[in-house]
Amino acid sequence: MDYSRRRVAQPRPPAALINKVAAECMELEAPTEELLRKIIRKHLTGTPYRFPRIPELVKAIGGKQTLFRQKKTRTDSGVAPITLLTKPYACPGKCVYCPTEVRMPKSYISSEPAAARALRLGFDPHRQVTQRVQALERNGHEAKKIELIIKGGTWSAYPWAYRKWFIKRCYDAANHLSQHDNRKKYQTLNQSQKANETAEYRVIGLTIETRPDWINPKEIERLRELGVTRVELGIQALDDKILDLTQRGHTVADAIRATILLKAASFKTDYHFMPGQPGSTAAHDVDMYRQMFDDPAFRPDMVKLYPCVVLPNAELQGWYERGEFTPLQGEELIETMIQIQALTPAYCRVPRLIRDFPSTDISAGNKVTNLREEIERRMRERGIKLWDLRAREAGHMPTLAPDVELKLFVEEYDNAGGKELFLSFEDSERTTVMAFLRLRLPNHEYIPEDEKTAKMLAEVRKLLPELKGAAYIRELHTYGQALALGQARGDAVQHKGLGKKLMMEAEKIAKKHKYKYLSVISGIGVREYYRKAGFKLQGSYMVKKLKA
């Protein structure tokens, strides 16, 4: 090896120099990343020292990390989302629009940011979690409340041993991020989860994505063992003809069944929906999206909108080249997406409007990377109300004045054999959501008309006896910039007591409807929070007995 070409690490700048840089940055009336970089270059260029890192500058100004925080939306929802990919593995799907790259799990390409990172790290879950958290912290974010988002092919089709190992290593990584626990070994998944309940870095939510036809009682049992709290279903369309044409491999009935089973187990249940795919039209896409919320059989908590695009290594490329398919794009796509967004109800969150494919890898279809901003801008110009939860959450809206009075709103809707109540604290004009809670009042006597679904539902109830007679808290979220557990900040939404108020209201409603228990599908790292509120761990849920 030619060691003469090795780069010599520059020493850390002395504390006095870091403090001088930080002090000058603090004097800026309207700090921008360019101005911050200019000040740093002025003081460090020509010295033997490396540039100061964000955490060093944050420490120098007493922890006011918002000044130096880069890519601010990363933690604006109150938690630090960490996306990681599983290794490549055979997918049961044959979808014509999915790219197939030998180095990547099905439907992902190596140029996508999260996919590229996973590939670089050998798809190692421990390294992916560790490096992503450290990257967020280097950019000035608080990342001690981790939301894991697992992607890659069809999760449920991977071998069970691999899935269990993968998730265990995620919890191990969170535990090892603490300086006090960076070498401890955990023999089992349960041991690692138990340690994470009180760790410095806690997994407060765990999301996987799968197909609706893979949801069954055994899979639900395994998801709960892993600590999964949210399931994203690749629904794609509510039309069997479209699903058949695109070789999706499941039916609308599968989507209905999966929703019933997941809601019966209290999961946050989300859909992927693909406008502009073969066999559909812009008008039909809007009709299917309307049906998604008009029909009580569906009504997801979140929808990821992924307009269909043509990728070179997908079967759809041949269709496009032969003139058999033209993707929805340009003005027609934008106008369709505006109609779709306008139909999104207040309880539903739309985190994505496009896949993160680089435009250079798209043969045909949408290449506008800021499509969401363009859609929302036009909607506001036309006076079309944006009810999408993400568009209204406090982290993405201008800060409300301290004297603004918050009101409790409660929306009720029937869904999959039960009643859902969406409780939220918002300003009176409903422009900004400060906190919300999803409460489910299940009909424990509900029997679906479909015999197969009825049989599976009975099995789920048998596997989860801790939910018998209980109302479910499926999600509790306080918006605003992420804070560490126990941390408080005057201008922050989190830790202002809104969560406790919502919990009290949920308990009041559950009692009114004669439920004996209140259960929470809690992330492993949030169990301590619920213990302090009087809940006890039963099975994989936090449960509280309601006093008469």
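Along the sequence shown, residues carry numbers from 1.
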Output all residues satisfying salt bridge (Lys or Arg N to Asp or Glu O under 4.0 Å) with R299, sequence neighbours left out; order by chain, then residue number. none
Charged N to carboxylate O under 4.0 angstrom, E219 versus R163? yes
Those residues that, when tested against R224, pass salt bridge (Lys or Arg N to Asp or Glu O under 4.0 Å) (two or more places apart): none
So, D213 and R211, do they make that salt bridge, N to O below 4.0 Å? yes
Can you name the side-chain hydrogen bond (donor to acceptor under 3.5 Å, both in side chains) partners of E197, sequence neighbours left out? R527, R531
I'd like to know if the side chain of Q193 and the backbone of E225 have a donor-acceptor N/O pair within less than 3.5 Å. yes
I'd like to know if E315 and K94 make a salt bridge, using a cut-off of under 4.0 Å between side-chain N and carboxylate O. no
Would you please name every residue forming a ring-ring contact (aromatic ring centres under 6.0 Å, His included) with H126, sequence neighbours left out? H176
Residue set satisfying side-chain contact (heavy atoms from CB on, under 4.5 Å) with P159, at least two apart, ordered chain then number -> Y89, Y162
Looking at residues at least two apart in the chain, or sitting in another chain, which of them share a ring-ring contact (aromatic ring centres under 6.0 Å, His included) with F298? none
Donor + acceptor pair across side chains of T269, D301 (<3.5 Å): no
Partners meeting side-chain hydrogen bond (donor to acceptor under 3.5 Å, both in side chains) with R248 (sequence neighbours left out): H250
Hey, are Y158 and T86 close enough side-chain-wise for a donor-acceptor pair under 3.5 Å? yes
Y347: what forms a ring-ring contact (aromatic ring centres under 6.0 Å, His included) with it, not counting sequence neighbours? Y413
Set of residues satisfying ring-ring contact (aromatic ring centres under 6.0 Å, His included) with respect to F273, sequence neighbours excluded: Y289
Could I get the full list of side-chain hydrogen bond (donor to acceptor under 3.5 Å, both in side chains) partners for Y108, not counting sequence neighbours? E209
For the residue pair R440 and Y472, would you count it as a cation-pi contact if the rule is NZ or CZ under 6.0 angstrom from the ring centre and within 45 degrees of the ring axis? no
How long is the gap from NZ on K164 to OG1 on T188, to the nearest 0.5 Å? 8.0 Å
Is the shortest side-chain N to carboxylate O distance from R438 to E420 below 4.0 Å? no
Before we go on, tell me: are the rings of Y479 and F436 under 6.0 Å apart, centre to centre? yes
Set of side-chain hydrogen bond (donor to acceptor under 3.5 Å, both in side chains) partners for K304, sequence neighbours left out: E232
Apply salt bridge (Lys or Arg N to Asp or Glu O under 4.0 Å) to K218 and list each qualifying residue two or more places apart in sequence or on a separate chain. E221
